[in-house]
Amino acid sequence: MKEYTCPVGVTLERIGGKYKPLLLWHLCEGTLRFGELQKLVPATPKMLTQQLRELESDGLITRTVYPVVPPKVEYAMTSLGQSLYPILEQMYRWGMTYLEEKNLQPNCSMQSPGHCACCEKQM
């Protein structure tokens, strides 16, 4: 692990990247299987696996493998991962405002913040 002196740097190292915020956003809605995440996130299976492994390594998500054929793997948020939801929500709101000012429409699988299953509260 790198040594940081900047809190923003450590946060960006954990959630920065093209797909990590999107994965965390969807996992906040509840436990998802790999195939479900693949439908929601436009990443190659290799990239999706890499991003999920990094999130798991950082303690933001858990990975549960069930001994069945075909293999069943589920991903869920940890309490540490859940603590990122307010940050992700603010990023979403800022981005929507920016897009609206530029007269652009969002083109991703993120939906407006509503109910966060992992936090069990209304947003």
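Only a predicted model underlies this, so the values are computations on that prediction, with no experimental measurement involved.
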query: Side-chain contact, heavy-atom cut-off 4.5 Å: W94 with Q90?
result: no
- prompt: Heavy atoms, side chains only, cut-off 4.5 Å: are L37 and L27 in contact?
  reply: yes
- prompt: Is the shortest heavy-atom distance from the side chain of D58 to the side chain of L80 under 4.5 Å?
  reply: no
- prompt: If you look only at pairs with a residue in residues 98-109, which of them pass as a side chain to side chain donor-acceptor pair (under 3.5 Å), with sequence neighbours excluded?
  reply: H26-S109
- prompt: What pair of heavy atoms forms the shortest contact from P71 to R33, and how long is it?
  reply: O-NH2, 4.1 Å
- prompt: If you measure from CG on L52 to CE on M47, what distance do you get to the nearest 0.5 Å?
  reply: 11.5 Å
- prompt: If Ile, Leu, Val, Met, Phe, Trp and Tyr residues are connected whenever their side-chain heavy atoms lie under 4.5 Å apart, and connections chain through other members, are L23 and V65 in the same group?
  reply: yes
- request: State whether the number of non-hydrogen atoms from other residues, nucleotides or ligands found under 6.0 Å of K72 atom NZ is greater than 12.
  value: yes
message: Testing the basics here: between C28 and M77, what is the closest heavy-atom pair and its distance to 0.1 Å?
response: N-CG, 3.9 Å
field: Which atom of W25 lies closest to which atom of Q111, heavy atoms considered
entry: CZ2-O, 3.1 Å
- prompt: Which residues pass the ring-ring contact (aromatic ring centres under 6.0 Å, His included) test with Y19, sequence neighbours left out?
  reply: none
Non-neighbouring partners of L12 that pass side chain to side chain contact (heavy atoms under 4.5 Å, CB included), sequence neighbours left out: V8
- prompt: Which pairs with one or both residues in residues 44-55 pass salt bridge (Lys or Arg N to Asp or Glu O under 4.0 Å), sequence neighbours excluded?
  reply: K20-E54
- request: Hey, could you give me the CE/CE distance between M91 and M110, rounded to the nearest 0.5 Å?
  value: 7.5 Å
- prompt: What's in the same ILVMFWY side-chain cluster as Y66, cut-off under 4.5 Å, chained through other members?
  reply: V68
- line: Of all heavy-atom pairs linking P42 and L40, the shortest is CD-O, 3.9 Å
field: side chain to side chain contact (heavy atoms under 4.5 Å, CB included) partners for T31, two or more places apart
entry: E74, A76
task: State the CG-CD distance between L48 and Q51, to the nearest 0.5 angstrom.
output: 8.0 Å
field: Gap between atom CG of L60 and atom OG1 of T78 - 0.5 Å precision
entry: 5.5 Å
statement: Taken in chain and number order and not counting sequence neighbours, the residues that satisfy side-chain hydrogen bond (donor to acceptor under 3.5 Å, both in side chains) with Y75 are R63
